[in-house]
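Every chain is numbered from 1, with letters handed out A, B, ... down the list of sequences.
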There are 2 protein chains.
Amino acid sequence: MKTKEPDIVDLGNHFRRLGMRFTPQREAVWKLFRDSQRGYSIPEAIEVLKDQNIGMATVYRTVMALQEIGRLSWVHDQNGDHRYVACKSMHGHPLVCEKCGRVQEFVSCDLSVLERLLAVETGFTITGHRLEVLGICPVCQV
Amino acid sequence: MKTKEPDIVDLGNHFRRLGMRFTPQREAVWKLFRDSQRGYSIPEAIEVLKDQNIGMATVYRTVMALQEIGRLSWVHDQNGDHRYVACKSMHGHPLVCEKCGRVQEFVSCDLSVLERLLAVETGFTITGHRLEVLGICPVCQV
DNA sequence: GTTGTTGCAAACAGTTTGCACGAAA
DNA sequence: TTTCGTGCAAACTGTTTGCAACAAC
């Protein structure tokens with residue numbers, strides 16, 4: 001009997017805790033994203049996973065589920081549509097390479113000063129933010 | 001003869017400078033977005049503009065053109081798809097009300113410290129960022 | 001007059017849904 | 001054994017394209 005990787009066990013528990021089942025398909029979808037630097041758009045993921053006999057409806061449903069439970073987030077590609085990437089940590093933001101699309105997560109973003117200022121100036125109650133930083137990764141700089 | 005609003009004249013010049021024509025349709029599309037607090041998704045804009053006999057292909061083409069020349073940008077709605085809003089200024093960022101969708105632009109965002117830190121820590125050359133701040137606007141707080 | 005733009009409709013791409021079967025718990 | 005999840009295909013929604021007529025310059 002094969003030992004499962006810790007993140008797989010953890011994800012299985014996460015699903016079950018929510019009354020959902022942890023199926024081989026869900027495991028396969030998660031692994032695809034977890035092991036990718038650039039993430040995938042849904043059509044791309046469908047293309048890859050169909051070789052494992054995973055139907056497109058399952059891909060849609062699973063990606064949405066993973067996103068809702070906070071395991072996937074998305075970034076924009078050049079065309080403006082979404083590519084999904086695995087979240088390593090809570091409250092992380094993506095640093096995206098504009099050439100190869102590689103995504104590196106960072107956590108140290110302090111927008112509290114800006115948010116306080118905006119609250120005072122606009123009367124809004126600030127509830128959150130979405131931040132993507134763009135750049136060129138070391139590999140693509142050559 | 002009717003005097004044109006200054007922003008219309010300016011937009012006309014902007015198009016012509018690029019060798020493009022400034023048609024009544026383009027003017028109408030621009031005005032729709034300019035006069036809206038929440039902006040529109042493309043299907044919404046198509047719906048509104050079809051009463052003015054503007055075809056959907058024209059809406060798509062014009063919104064894309066306005067976006068490319070920096071007159072429109074987009075924000076995300078709850079479903080994660082795009083709503084286009086008029087840019088008042090260059091380098092502005094949107095502050096979006098999560099209840100009513102109203103968008104207020106702000107400019108004072110200083111991410112230079114964060115960006116320098118990321119450059120050192122990751123080896124990326126930072127080229128830009130996308131920031132959306134979310135909140136509840138004064139009207140919706142009641 | 002020249003050439004970019006428009007509206008239409010058809011083609012296309014992407015997403016959602018209903019359902020019978022299978023498999024996780 | 002009891003649901004929930006799956007794959008399939010059909011339906012649907014959103015987007016793009018080709019083209020003849022038109023209008024901005």
Side-chain angles (χ1 to χ4, degrees), chain A residues 1 4 8-32 39-69 71-72 74 76-84, chain B residues 1 4 8-32 39-69 71-72 74 76-84:
Chain A
M1 170 177 177
K4 292 246 178 193
I8 301 293
V9 175
D10 177 53
L11 181 61
N13 292 335
H14 194 160
F15 270 116
R16 279 182 286 264
R17 213 179 307 129
L18 296 165
M20 304 170 78
R21 290 171 189 178
F22 189 54
T23 63
Q25 290 88 337
R26 288 181 175 171
E27 182 174 334
V29 173
W30 166 248
K31 281 181 173 168
L32 178 72
Y40 295 92
S41 68
I42 293 201
E44 285 167 353
I46 288 172
E47 183 58 29
V48 176
L49 291 163
K50 98 169 149 221
D51 296 344
Q52 302 174 43
N53 295 307
I54 297 179
M56 69 178 168
T58 299
V59 177
Y60 274 102
R61 292 186 277 229
T62 306
V63 168
M64 293 314 152
L66 287 169
Q67 189 189 212
E68 267 154 33
I69 68 175
R71 299 282 175 154
L72 291 182
W74 41 256
H76 288 97
D77 60 19
Q78 293 80 341
N79 324 321
D81 35 43
H82 295 156
R83 229 165 59 236
Y84 294 86
Chain B
M1 170 179 173
K4 293 247 178 190
I8 302 294
V9 175
D10 177 52
L11 182 61
N13 292 336
H14 194 159
F15 271 117
R16 279 182 287 265
R17 212 178 309 129
L18 296 166
M20 304 168 79
R21 289 168 189 182
F22 190 53
T23 63
Q25 291 89 338
R26 287 179 177 172
E27 182 174 334
V29 172
W30 167 247
K31 281 180 173 166
L32 178 71
Y40 295 91
S41 67
I42 293 201
E44 285 167 355
I46 288 172
E47 184 59 29
V48 176
L49 291 163
K50 96 169 152 223
D51 296 344
Q52 303 175 42
N53 295 307
I54 296 179
M56 69 177 168
T58 299
V59 178
Y60 273 102
R61 291 185 277 228
T62 306
V63 169
M64 293 314 150
L66 287 169
Q67 191 189 212
E68 268 155 31
I69 69 175
R71 300 278 175 156
L72 291 182
W74 41 256
H76 288 97
D77 60 17
Q78 294 78 341
N79 324 323
D81 35 42
H82 295 157
R83 230 166 58 237
Y84 294 85

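Note: B:D77 CG to B:H82 NE2 = 9.0 Å, rounded to the nearest 0.5 Å.
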Identify each atom pair where a protein N or O and an N or O of nucleotides 20-22 of chain C are less than 3.5 Å apart, giving names and distance.
none

Short heteroatom pairs, N/O only, protein and nucleotides 8-11 of chain D, under 3.5 Å:
none

Is there any protein nitrogen or oxygen under 3.5 Å from a nitrogen or oxygen in nucleotides 12-14 of chain D, and what are the pairs?
none

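Contact between the side-chain N/O atoms of A:R16 and the OP1/OP2 oxygens of C:dA24 is not found at any separation under 4.0 Å. At the phosphate of D:dA24, neither OP1 nor OP2 sits under 4.0 Å from any side-chain N or O atom of B:R26.
Not counting sequence neighbours, B:Q52 has no partner by the side chain to side chain donor-acceptor pair (under 3.5 Å) test. Among residues two or more places apart in sequence or in another chain, the side-chain contact (heavy atoms from CB on, under 4.5 Å) test is passed with B:L18 by B:H14, B:M20, B:I69.
Closest contact between the side chain of A:F22 and the listed nucleotides C:dT5, C:dA25, D:dT6 involves C:dA25. Checking C:dA24, D:dA24, D:dT15 against the side-chain heavy atoms of B:I42 singles out D:dT15 as nearest. For B:T58, taking side-chain heavy atoms from C-beta onward, the closest of the listed nucleotides C:dA25, C:dG7, D:dT15 is C:dG7.
Counting heavy atoms from C-beta on, the side chains of A:I8 and A:K31 come closer than 4.5 Å.
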Distance-only donor-acceptor pairs under 3.5 Å for side chains of residues 53-65 of chain A, two or more places apart:
residue : atom : partner : partner atom : Å
A:R61   : NE   : A:A57   : O            : 3.4
A:T62   : OG1  : A:T58   : O            : 2.7

